[in-house]
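Here's the structure we're looking at; comments come further down.
Only a predicted model underlies this, so the values are computations on that prediction, with no experimental measurement involved. Residue numbering restarts at 1 for every chain, and letters A, B, ... go by the order of the sequence lines. Scope of the values below: all heavy atoms of this structure, side chains included, with no hydrogens, waters or symmetry mates.
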Protein chains: 2
Amino acid sequence: MQIELKELINRYQDAMNRIYRNVNIIMKEKIHSDITTDQFSTLQYIQKHEQCTSTEIANEFGVGKSAVTAQVNRLHEKGLIERIRDGKDRRNVYLHVTDKGIELVNYTENEVYASIGKNLAHFDDEEIQTFIDSLEKLAHVMDNE
Amino acid sequence: MQIELKELINRYQDAMNRIYRNVNIIMKEKIHSDITTDQFSTLQYIQKHEQCTSTEIANEFGVGKSAVTAQVNRLHEKGLIERIRDGKDRRNVYLHVTDKGIELVNYTENEVYASIGKNLAHFDDEEIQTFIDSLEKLAHVMDNE
DNA sequence: TAGAATAGTTCATGAAGTGAACTATTCACT
DNA sequence: AGTGAATAGTTCACTTCATGAACTATTCTA
């Protein structure tokens, strides 16, 4: 491995961490509700993938099924989602965001997007496009390992 | 806010999550030791910033000081770091990576970098450069909010 | 129809975070 | 010089989130 690559990865790692941290701060700030950022992310996923299952979330988030059960319980206790058991294959439990949950996601998403959008104002359209393309390419390459 | 921006941020968010998850998987796989990825990240930071303090880490990682105390305890119990109290200003405790810790970081870093390097092989030099530049720019813009 | 596979839950445990209260030390100022 | 504010770190009680094994319930399969 070349010295240069190591240097690049260091810069990459450092920038990624800073971005991740800042997005988290923005989310904490914009979530006007007693849920955590993790809970919001899960809720957001369920809203974007209506009728998804716990197993699907476990795979998507890279955690065990029991972790998802606990997370779903917390969201359920707060009245943000519902469990709907499949009538045909009664092993499956589909997750469904309640009206209260939908409202929370939509409101918070707008706030967060506006905030991130403000940051993106420092970039021109082509730069953003190129950046996101590279980001998706990297995600894709990594997924296929 | 334009529809387009929302769409872009969705893609961005999705790609970021996938990358973050994959890097975590790589790290878990490459850490041949009984420490967690969080512990490794902290150890790595201390190694790159010799003689740093708990407060510095707390700010850097965006967590409270008590969380750092706990993390430092775990690393200390494993013989990876040492605490050195400042002789002049006895409030300060400087953190210092032991030989065992240095060896662990160097070994693991090489493994992780090799693995990420393999992914980066799908990109040409200019693409990587542009990508990391944008990444750093975004991190910088976000830091100044 | 017996046994494998799948979906989800429960439980005990540990890691990591919070925030308030605390100790110890140093700084700042009249 | 001496008192009160500021700073660095720790402790404590508590919550969240993760793991993995054992479990229930259901469906598939051969």
Side-chain angles (χ1 to χ4, degrees), chain A residues 17 20-21 23-25 27-29 31 33-46 49 51-78 80-96, chain B residues 17 20-21 23-25 27-29 31 33-46 49 51-78 80-96:
Chain A
N17 286 341
Y20 195 82
R21 189 166 54 249
V23 169
N24 229 47
I25 290 170
M27 284 178 65
K28 264 187 201 160
E29 189 184 304
I31 295 175
S33 172
D34 68 334
I35 66 169
T36 66
T37 55
D38 274 344
Q39 283 166 26
F40 180 76
S41 295
T42 306
L43 186 62
Q44 199 180 17
Y45 181 88
I46 297 171
H49 302 83
Q51 304 293 95
C52 68
T53 65
S54 284
T55 302
E56 197 179 321
I57 294 177
N59 291 333
E60 187 64 26
F61 285 73
V63 299
K65 290 190 295 176
S66 58
V68 177
T69 296
Q71 190 71 298
V72 164
N73 282 339
R74 284 184 285 264
L75 290 171
H76 187 231
E77 277 161 20
K78 296 188 162 88
L80 299 169
I81 62 172
E82 275 169 0
R83 289 174 157 100
I84 298 171
R85 194 165 281 277
D86 186 337
K88 292 185 178 154
D89 185 341
R90 297 189 43 74
R91 288 172 302 186
N92 295 319
V93 175
Y94 299 119
L95 300 171
H96 167 78
Chain B
N17 286 340
Y20 195 83
R21 190 165 53 247
V23 169
N24 229 47
I25 290 170
M27 285 178 65
K28 265 187 201 160
E29 188 184 305
I31 296 175
S33 173
D34 69 334
I35 67 168
T36 66
T37 54
D38 274 344
Q39 283 166 29
F40 180 77
S41 296
T42 306
L43 186 61
Q44 198 180 18
Y45 181 89
I46 297 171
H49 303 83
Q51 304 292 95
C52 68
T53 65
S54 284
T55 301
E56 196 180 321
I57 294 177
N59 292 334
E60 187 64 27
F61 285 72
V63 300
K65 290 190 297 178
S66 59
V68 177
T69 297
Q71 190 70 298
V72 164
N73 282 339
R74 284 185 284 266
L75 290 171
H76 186 229
E77 277 161 23
K78 296 189 163 88
L80 299 169
I81 63 173
E82 275 169 0
R83 287 174 158 101
I84 297 171
R85 195 166 280 277
D86 186 337
K88 292 186 177 152
D89 186 340
R90 297 187 44 71
R91 287 172 301 185
N92 295 320
V93 175
Y94 299 120
L95 301 171
H96 166 78

Between B/N92 and A/Q39, which is nearer to the 5' end of DNA chain D once each is assigned its nearest nucleotide?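 With A/Q39 and B/N92 compared, the 5'-side residue is B/N92.
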
Tell me the interatomic distance from [X], atom [atom1], to [N], atom [atom2], rounded to whole angstroms.
{"X": "B/L95", "N": "D/dA8", "atom1": "CG", "atom2": "P", "answer": "13 Å"}
{"X": "B/Q71", "N": "C/dG14", "atom1": "CD", "atom2": "P", "answer": "16 Å"}
{"X": "A/I81", "N": "C/dG8", "atom1": "CD1", "atom2": "C1'", "answer": "14 Å"}
{"X": "A/H76", "N": "C/dT9", "atom1": "NE2", "atom2": "C1'", "answer": "15 Å"}

Among [options], the one nearest [X] by side-chain distance:
{"X": "B/N73", "options": "C/dT9, D/dT11, D/dC17", "result": "D/dT11"}
{"X": "A/T36", "options": "C/dG17, D/dC17, C/dT9", "result": "D/dC17"}
{"X": "A/V63", "options": "D/dA18, C/dA7, C/dT10", "result": "D/dA18"}

Using a cut-off of 4.0 Å on non-hydrogen atoms, how would the nucleic acid contact of B/A67 be classed: base, sugar-phosphate, or nothing?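 It contacts base atoms.
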
When we call it a touch if two heavy atoms are under 4.0 Å apart, what does A/S54 touch: a base, just sugar-phosphate, or nothing?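 The residue A/S54 makes sugar-phosphate contact but no base contact.
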
Between B/D89 and B/R91, is a salt bridge (charged side-chain N to carboxylate O under 4.0 Å, His left out) present by the stated rule, with each step listed? CA-CA 5 Å; B/D89 186 340; B/R91 287 172 301 185; 2.9 Å; yes

Phosphate-side-chain proximity, A/T55 and C/dG8, N/O vs OP1/OP2 below 4.0 Å: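 The answer is yes; a side-chain N or O of A/T55 sits under 4.0 Å from OP1 or OP2.
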
D/dA18 OP1/OP2 closer than 4.0 Å to side-chain N/O of A/S66: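 No, no such contact exists.
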
What does the inter-axis angle of the helix from C/dT1-D/dA30 to C/dT30-D/dA1 come out as, five pairs per end, nearest 10 degrees?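 The end-segment axes of the helix from C/dT1-D/dA30 to C/dT30-D/dA1 are tilted 20° relative to each other.
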
Using a 4.0 Å cut-off on protein heavy atoms (strictly under), produce a 5'-to-3' string for nucleotides 24-30 of chain D with B for base contact, S for backbone-only sugar-phosphate contact, and - for none. --BS---

